[in-house]
Structures are given as C-alpha cells and as structure tokens.
Amino acid sequence: MALHFEQTALIRMNYWLMKSEPDVYSLQDLARDRHTVWDGVRNYQARNFLKSMQIGDLAFFYHSNTSPPGIAGLMQISQANLDDPSQFDPGSKYYDAKSTQEKPRWQTVQVEYEEEFAHFISLDRLRQEFQPDDLWVVRQGNRLSVIPVPEAIAMQILAIGRGKA
DNA sequence: GCCAACGTTGGC
DNA sequence: GCCAACGTTGGC
C-alpha cells in the first residue's frame with residue numbers, strides 16, 4: 001500500500017564531517033581497518049554531536065593539520081552512542097580521571113569505511129564552493145572536530161568528491 | 001615553527 | 001559569574 005512507502009520515506013539520514021590528522025589516523029588507515037572507534041574527542045559540543053549520530057548516518061573524513069587539508073572520503077556510522085574507552089585508560093593521552101564506568105563523560109561512535117574520493121576536496125576548494133554558514137569547516141578559526149553538514153551541502157560534496165561536479 | 005582563534009580552568 | 005591565564009587546534 002502507498003502508506004508503506006510514505007513511512008519508508010520518513011527515515012532521516014544525517015550527514016557529518018569529522019576531522020583527523022592523517023599523521024595520527026588517516027582515511028587510508030580506516031580503509032585498512034574497515035572500522036574504528038572514533039576515540040579522543042574531548043570537547044563537549046563535538047561530543048554532543050557524536051551522541052546524536054545514528055547508525056547509517058554518513059560522515060565525511062576530513063584530513064586536518066596537513067598540506068593541503070581537506071575531505072578525503074566517506075564513512076558510515078556503524079555503532080552509535082558508545083562510551084569512549086580511552087577515558088578509562090590511565091595510559092591513554094585521552095584518560096579522564098573524572099570519568100567513571102558509572103558516570104562516563106565522553107561518548108563516541110564506531111565508523112565504517114565507505115569510500116575514498118576520486119577527487120580529494122581541498123579546503124581551498126571548499127571555500128570556493130561553500131559559505132561559512134553552510135559548511136562550518138570553512139569558518140575562520142573553527143576548531144570543532146565534529147560538525148553537522150546540511151543534506152543539500154552533503155549532496156554537493158559527494159558529487160565533487162566522486163568527480164560528478 | 002608561528003600564531004590567531006577559541007575552549008577550559010581556577011582565583012576572586 | 002567574571003575574566004586572565006593557559007593549553008590546544010589547525011591553517012599557513
């Protein structure tokens with residue numbers, strides 16, 4: 001019945017951008033590992049975005065602090081709302097003494113490798129194509145490592161990365 | 001390596 | 001609750 005298709009169409013997909021320094025962990029590392037827990041985020045606004053992610057959401061993998069910086073590819077959220085294990089590990093640089101198993105402060109997601117873009121999209125290109133209010137990564141001074149991307153912008157990024165724009 | 005931007009901490 | 005000091009991010 002038609003109602004079935006209308007309900008299917010109500011499923012929401014959200015899009016994100018997540019930064020990593022490729023010297024620390026790159027898209028190519030994720031291609032090798034197939035999936036990884038995105039640990040180490042210690043900013044509350046970024047954590048809140050991580051907590052709102054749902055399985056099946058897509059995230060752009062952004063290479064930061066490298067030359068040139070930019071979007072290298074795509075990944076998919078494969079597990080949602082995990083407690084970041086590094087907060088409990090005294091040997092980790094991300095250890096948080098104020099976190100307990102009963103009251104963890106930091107949540108994250110598991111991401112799964114999706115694709116490496118045929119065309120790496122440099123920050124320069126992103127600045128040419130998008131406005132700071134539409135894509136926060138082109139805002140000057142923006143340091144958030146996890147940001148939402150509006151669907152219409154995400155569609156354009158996908159087209160550019162796949163060489164269809 | 002420099003440094004602007006900006007988040008966090010802690011004294012008051 | 002203010003805000004100076006401090007630490008970190010990340011482009012260049």
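The figures that follow rest on heavy atoms only: side chains count, while hydrogens, waters and symmetry mates do not.
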**Q** Applying side chain to side chain contact (heavy atoms under 4.5 Å, CB included), run through A/Ile71 and A/Phe117 and close with a yes or a no.
**A** CA-CA 8 Å; A/Ile71 295 174; A/Phe117 283 156; 3.6 Å; yes

**Q** Kindly state each residue pair satisfying ring-ring contact (aromatic ring centres under 6.0 Å, His included) with at least one member in residues 76-107 of chain A, sequence neighbours excluded.
**A**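 Passing the test, one end in residues 76-107 of chain A: A/Tyr44-A/Trp106.
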
**Q** Passes side chain to side chain contact (heavy atoms under 4.5 Å, CB included), A/Asn142 versus A/Lys19? Steps please.
**A** CA-CA 12 Å; A/Asn142 175 52; A/Lys19 298 179 186 172; 3.9 Å; yes

**Q** For A/Thr66 and A/Pro69, indicate whether the former's side chain and the latter's backbone hold a donor-acceptor pair under 3.5 Å.
**A**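 Flag not set: sc A/Thr66 to bb A/Pro69 has no pair under 3.5 Å.
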
**Q** Once you measure the plane-to-plane angle for A/Trp38 and A/Tyr25, does it fall in the parallel (<30°), tilted (30-60°) or perpendicular (>60°) bin?
**A**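 Perpendicular, since the angle between the ring planes exceeds 60°.
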
**Q** By a strict heavy-atom criterion of less than 4.0 Å, which residues belonging to residues 67-75 of chain A are in contact with DNA chain C?
**A**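 Close to the strand are A/Pro69.
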
**Q** Atom CZ in A/Arg105, atom OG in A/Ser99: separation rounded to 0.5 Å?
**A**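 Reported to 0.5 Å precision, the distance equals 6.0 Å.
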
**Q** Under 4.0 Å from a heavy atom of chain A: give me the 5'-most and 3'-most nucleotides of DNA chain B that qualify.
**A**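 Listing 5' to 3', DNA chain B meets chain A from B/dA5 to B/dT8.
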
**Q** What residues from residues 38-46 of chain A pass a heavy-atom cutoff of under 4.0 Å to DNA chain B?
**A**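 When residues 38-46 of chain A is checked for heavy atoms under 4.0 Å from DNA chain B, the hits, listed by number, are A/Asn43, A/Tyr44.
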
**Q** Answer yes when A/Arg42 and A/Asp84 have at least one side-chain N-carboxylate O distance shorter than 4.0 Å, and no when they do not.
**A**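 Yes, this pair counts.
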
**Q** Without swapping roles, check the side chain of A/Asp33 against the backbone of A/His35 for a donor-acceptor pair under 3.5 Å.
**A**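 Pair absent, no side-chain N/O of A/Asp33 close to backbone of A/His35.
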
**Q** Decide side chain to side chain contact (heavy atoms under 4.5 Å, CB included) for A/Glu112 and A/Gln79; before the verdict, give the C-alpha distance in whole Å, the side-chain angles of both, and the deciding distance to 0.1 Å.
**A** CA-CA 9 Å; A/Glu112 192 172 272; A/Gln79 288 183 37; over 6 Å; no

**Q** Using only atom types and a distance under 3.5 Å, with no angle test, would you say the side chain of A/Asn43 pairs donor to acceptor with the backbone of A/Gln45?
**A**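 Yes: the side chain of A/Asn43 pairs with the backbone of A/Gln45.
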
**Q** A/Asn14: what forms a side-chain contact (heavy atoms from CB on, under 4.5 Å) with it, not counting sequence neighbours?
**A**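 Checked A/Asn14 against side-chain contact (heavy atoms from CB on, under 4.5 Å); matches are A/Trp16, A/Asp57.
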
**Q** If you find the nucleotide of DNA chain B closest to A/Asn65 and the one closest to A/Lys98, which residue's nucleotide is nearer the 5' end?
**A**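 The residue mapped nearer the 5' terminus is A/Asn65.
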
**Q** At a heavy-atom distance below 4.0 Å, what parts of residues 129-149 of chain A sit against DNA chain B?
**A**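 Residues of residues 129-149 of chain A under 4.0 Å from DNA chain B: A/Gln140, A/Gly141, A/Arg143.
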
**Q** Side chain of A/Ser26, backbone of A/Gln28: donor and acceptor closer than 3.5 Å?
**A**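 Flag set: sc A/Ser26 to bb A/Gln28 pair under 3.5 Å.
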
